[in-house]
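Residue numbers run from 1 in the order of the sequence given. Because only heavy atoms are used, hydrogens play no part in the values below, and waters and symmetry mates are left out as well, while side chains stay in. Source: prediction; values computed, not measured.
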Amino acid sequence: MNAWTGYQLQDFIPFTAEVYFRLLERMSETFWPLHLLTLALGAATLALALRHRTRLACLLPAPLWAFVAMAFFLQRYAELNWAGGYIGYAFIAQAALLLVMALTGWGMGNAPRTTNPPVAIGIAIALYGLIIMPLTAPLSGGSWYQAEVFGIHADPTAVTTLGLVLILLRGFALWIAAIIPALWLVVSGLTLQALDSTGGTVLFVVLAIALVGLIWKSIASKR
């Protein structure tokens, strides 16, 4: 036990902050201008979710989860971290889950009302992932290639999806669809904290707000 207590979180991160943020930048450089398409798909998904086109709103993000799994985790992140391959397969599982939900209609909620608190939380989180997260790096003095974008990078993809499932789903399906995005935010938040980035704290705040929405919606649906 004494041997384990001597370790710090940084000891489990096999790369430096410079290497990790350069990896995120390389994703943008490699796939630009695909960002425009993924953002358009994200905005369309949010609009469809608010119009209660639930199956289509579940279908659109599925290929983006598969793309992030292949292009980011399996082809790049796994070169830095042995766990990257497993995380990539988890992202592929999330893509398959969204596809199954779109095809079967499993777990679809009622028409969303923007005055409903869990739906309002979901909209706020989805907009944060789609709009605020890509602007964070440029507004902080970084380049546009450092911007993290829904459908290209893992963090905004997970954040936006958490918001969308809060709008779209209910019951057991709501929690199942939230597990992988939430777990990735935990992993990413701890990684960013180990790299001394304030982004980790932001991800934990978003995750906490999303959990409030998940619990609120679950309790409300049982009344």
Handout entry: Chi angles and distances behind the side chain to side chain contact (heavy atoms under 4.5 Å, CB included) call for Thr160, Leu127
Key = CA-CA 7 Å; Thr160 304; Leu127 289 175; over 6 Å; no
Handout entry: Tyr20/Leu24 under side chain to side chain contact (heavy atoms under 4.5 Å, CB included): CA gap, chis, key distance, verdict
Key = CA-CA 7 Å; Tyr20 183 66; Leu24 300 181; 4.0 Å; yes
Exercise for the section: Mind running side chain to side chain contact (heavy atoms under 4.5 Å, CB included) on Trp106 and Ile176 for me, showing each step along the way? Expected result: CA-CA 11 Å; Trp106 179 51; Ile176 291 295; 4.2 Å; yes
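- Under the 4.5 Å side-chain heavy-atom criterion for ILVMFWY residues, no single connected hydrophobic cluster contains both Tyr145 and Phe150.
- Here the closest heavy-atom approach between residue Val149 and residue Pro134 is recorded as CG2-CB, 4.2 Å.
- Residues Ile92 and Ile179 are members of separate hydrophobic clusters, defined by side-chain heavy-atom contacts under 4.5 angstrom among Ile, Leu, Val, Met, Phe, Trp and Tyr.
- No hydrogens or angles considered: a donor-acceptor pair under 3.5 Å links the side chains of Ser218 and Trp175.
- Taking the six-membered ring for Trp and thresholds of 30 and 60 degrees, Phe73 and Phe91 have ring planes inclined between 30 and 60 degrees apart.
- When side chains are defined from C-beta on, Val205 counts as touching Ile209, because their heavy atoms get closer than 4.5 Å.
- The local environment of CZ in Arg53 is sparse, with at most 12 non-hydrogen atoms from other residues, nucleotides or ligands closer than 6.0 Å.
- When each of Leu46, Thr45, Asn116, Thr114 is tested with Ile167 by the rule side chain to side chain contact (heavy atoms under 4.5 Å, CB included), just one qualifies, namely Leu46.
- Across every non-hydrogen atom of Pro118 and Gly213, the tightest pair is CB-O, 3.8 Å.
- Annotation: the span from Leu185 atom CG to Leu203 atom CG amounts to 5.5 Å, rounded to 0.5 Å.
- Looking at Thr161 and Trp65, their side chains do bring a donor and an acceptor atom within 3.5 Å of each other.
- Closest heavy-atom contact between Met27 and Arg76: SD-CD, 3.6 Å.
- Connection of Met133 to Leu37 is established within a shared hydrophobic cluster, with ILVMFWY side chains joined at heavy-atom distances below 4.5 Å, either directly or through further cluster members.
- Within a 6.0 Å radius of CD in Glu18, no more than 12 heavy atoms belonging to other residues, nucleotides or ligands are found.
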Exercise for the section: Please lay out, stage by stage, how Phe67 and Phe31 fare under the test ring-ring contact (aromatic ring centres under 6.0 Å, His included). Expected result: CA-CA 11 Å; Phe67 174 78; Phe31 293 106; 5.0 Å; yes
Problem - Stepwise side chain to side chain contact (heavy atoms under 4.5 Å, CB included) check, Ser28 with Gln146 - result: CA-CA 7 Å; Ser28 290; Gln146 293 173 321; over 6 Å; no
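- When hydrophobic clusters are built by joining Ile, Leu, Val, Met, Phe, Trp and Tyr residues whose side-chain heavy atoms come closer than 4.5 Å, directly or via intermediates, Tyr89 is not grouped with Leu98.
- By the neighbour-count criterion of 12 heavy atoms within 6.0 Å, atom CZ of Arg22 is densely surrounded, having more than that number from other residues, nucleotides or ligands.
- For the pair Ser140 (side chain) and Thr136 (backbone), a donor-acceptor distance under 3.5 Å is present.
- Hydrophobic clustering, with ILVMFWY side chains joined whenever heavy atoms are under 4.5 angstrom apart, keeps Leu74 apart from Tyr77.
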